[in-house]
Amino acid sequence: MIISNRMKNLHPYVPGEQPKDRVYIKLNANENPYAPSPKVQETVIDFVKNHPEKMGVYPDPDSNELHAAIAEMINKTGGVLCRAQVSSDGSVTPSPQDKIPFTVTPDMIYSGNGSDEVLSFVFYAFFDSSTKFVMPEFTYSFYPVYAGFYNIPMDTIPLKSDWSLDTETMLAHSAENKGGIIFANPNAPTGIGLTRNQVREMLEKASPQEIFIVDEAYVDFGGESCIPLLQDFKNLVVVRTFSKSLCGAGQRLGYIVANPELVNYVTTVKNSVNHFPIDALAQVSGTAACKDPAYYVDCSKKVVEEREKFYNFLQANGFYVLKSETNFLFATKEGLPGEELYRKVKEKGLLIRHFNTPGIENFVRITIGSPEQMSELKKAFEQIIAEL
Ligand SMILES: *Cc1c(COP(=O)(O)O)cnc(C)c1O
């Protein structure tokens, strides 16, 4: 064969479907139902219209403005949008629970082409083919893909019976492997998070030689951010994205917050693959987004409100639903297999996510959309249940 042996280890991620045959209400990829802030729209139009010459030159290789804007947004929001407070003059402050006890600085940020790419470089920088890394059995299904890509052995730890992370076993294995730990917090597809104190306890028990990668893709919808722990733990990398709470999945922008030394390692990986960062347009639109946190605080609060309503609806209709700190719900109903529910919902013009993975195959994952979208989904569910 003409392909490399390496190729045989590749098992690419299968994204939530994006069908072209019919216009569906998409509640299957945890995208945000709201468009980016009007300020982002204005900035992008201004950039293309009034500074077209900037499309012809290489972008700032260090994304300085963007990193400054990301750091500032985190300081203003405490890293959890749905709890941040917006005062009448539009200024944003963290809720007391989320206040960061130091100032996040731009040298603590690395950004890339979606957190998927960022995660890939993080895997390359911190995990090795000679040592196993620990991850939960059910978590973001891209982690095993990177493991195959970089040939890094995995040590998969089952969840506890309440679907939360088994932190004790994860720690014990990590201590033995000396490789490190990755998990999403809140976790996906369960929606359940660890508190910051729980993560702190893990870090206190672990050796400073073990790297902790905490993927906070969903934390803005109600989890607790681990950014405040960066003060005490130099072996922590927090990964975040614009795709969910910043309404930016189409623009592909993700980042890490970590000690500058770790940021430099990830930058070195990136510079060994592609010496330019995200494109100029993503830099300006990302910067504009960070400068309008009040808009995204509002979007996040709306999503959380809809989530709680749909949670109650599912419970009232006999579903077993996990309590979520994210923009999705993970639910199952006896007598209604996940695959069947997914298919019937699709026939009615809506997409939700079903995973054909043993152990969670009876569940569906429902992204929280706008009130209008959720009301359509509710109607579909009601009809399906009535026909059972
Ligand atoms: C959506 C998601 C990502 C990927 O985000 P992108 O920035 O769009 O690449 C990463 N981690 C988790 C847990 C996610 O759910």
Side-chain angles (χ1 to χ4, degrees), residues 12-18 26-33 36 63 66 70 79 81 109-123 133 135-147 149 159 163 165 181-194 199 212-226 237-257 266 270 277-279 282-283 285-286 289-290 296 300 303 307 322 324-330 351-353 355 357 360 363 365-369:
Y13 180 77
V14 183
E17 59 189 321
Q18 316 270 0
K26 275 193 89 264
L27 301 171
N28 68 334
N30 295 343
E31 292 144 319
N32 202 301
S63 305
L66 174 66
I70 291 173
L81 285 167
I109 311 291
Y110 164 86
S111 64
N113 190 25
S115 62
D116 285 342
E117 186 195 79
V118 172
L119 278 162
S120 155
F121 294 160
V122 164
F123 265 70
F133 73 93
M135 65 167 199
E137 180 179 6
F138 298 115
T139 189
Y140 188 35
S141 43
F142 220 134
Y143 308 148
V145 176
Y146 301 122
F149 188 78
L159 299 182
W163 298 93
L165 300 192
I181 294 185
I182 185 165
F183 56 91
N185 193 43
N187 196 22
T190 61
I192 299 173
L194 295 174
V199 181
F212 271 63
I213 317 292
V214 180
D215 182 345
E216 295 191 347
Y218 300 107
V219 76
D220 278 314
F221 301 104
E224 281 194 330
S225 175
C226 289
V237 177
V238 176
V239 182
R240 301 176 55 111
T241 176
F242 279 59
S243 296
K244 315 286 164 56
S245 55
L246 292 176
C247 314
Q251 116 192 351
R252 310 304 303 132
L253 193 45
Y255 60 98
I256 66 169
V257 192
V266 181
K270 189 268 296 172
I278 55 162
D279 65 84
Q283 288 192 30
S285 66
C290 294
Y296 296 100
S300 301
V303 168
R307 179 189 73 207
L322 302 188
S324 168
E325 296 182 333
T326 63
N327 67 341
F328 58 83
L329 289 165
F330 198 53
L351 294 174
I352 56 176
R353 189 93 198 252
F355 297 93
T357 312
I360 55 169
F363 281 80
R365 191 195 68 190
I366 302 158
T367 302
I368 304 303

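Numbers here are sequence positions counted from 1. Counting starts at 1 for both ligands and their atoms, in listed order.
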Inset, instruction - Please state which part of Asp215 comes within less than 4.0 Å of ligand 1, counting heavy atoms only: side chain, backbone, both or neither. - result: side chain
Inset, instruction - Write down the atom of Arg240, the atom of Val257, and the distance for their closest heavy-atom approach. - result: CD-CG2, 4.3 Å
Legend entry - Atoms in ligand 1 flagged as close to Gly114, the criterion being non-hydrogen separation under 4.0 Å: 7 (O), 9 (O)
Inset, instruction - May I ask you to identify the nearest protein heavy atom to atom 15 (O) of ligand 1, giving residue, atom name and distance to one decimal place in Å? - result: Tyr218 OH, 2.5 Å
Inset, instruction - With heavy atoms of Ser243 as the reference, note each atom of ligand 1 found under 4.0 Å away. - result: 6 (P), 7 (O), 8 (O)
Legend entry - Under 3.5 Å side-chain donor-acceptor pair for Tyr143 and Asp215: yes
Legend entry - Any donor-acceptor pair under 3.5 Å from Asn187 side chain to Thr190 backbone: no
Inset, instruction - Distance to 0.1 Å, residue and atom name: give those for the protein heavy atom nearest to atom 9 (O) of ligand 1. - result: Arg252 NH2, 2.7 Å
Legend entry - Location of contacts on Phe242 toward ligand 1, heavy atoms closer than 4.0 Å: neither
Legend entry - Flag for Asn30-Tyr218: side-chain donor and acceptor within less than 3.5 Å: yes
Legend entry - Test item: side-chain donor near acceptor, Ser225 and Glu216, under 3.5 Å: yes
Inset, instruction - Below 4.0 angstrom from a heavy atom of Ser115, which ligand 1 atoms are there? Numbered from 1 as shown, please. - result: 3 (C), 4 (C), 5 (O), 6 (P), 7 (O), 9 (O), 10 (C)
Legend entry - Arg307 side chain vs Ser324 backbone, donor-acceptor pair below 3.5 Å: yes
Legend entry - Atoms of ligand 1 close to Lys244 [distance to a heavy atom under 4.0 angstrom, numbered from 1]: 1 (C), 2 (C), 3 (C), 14 (C), 15 (O)
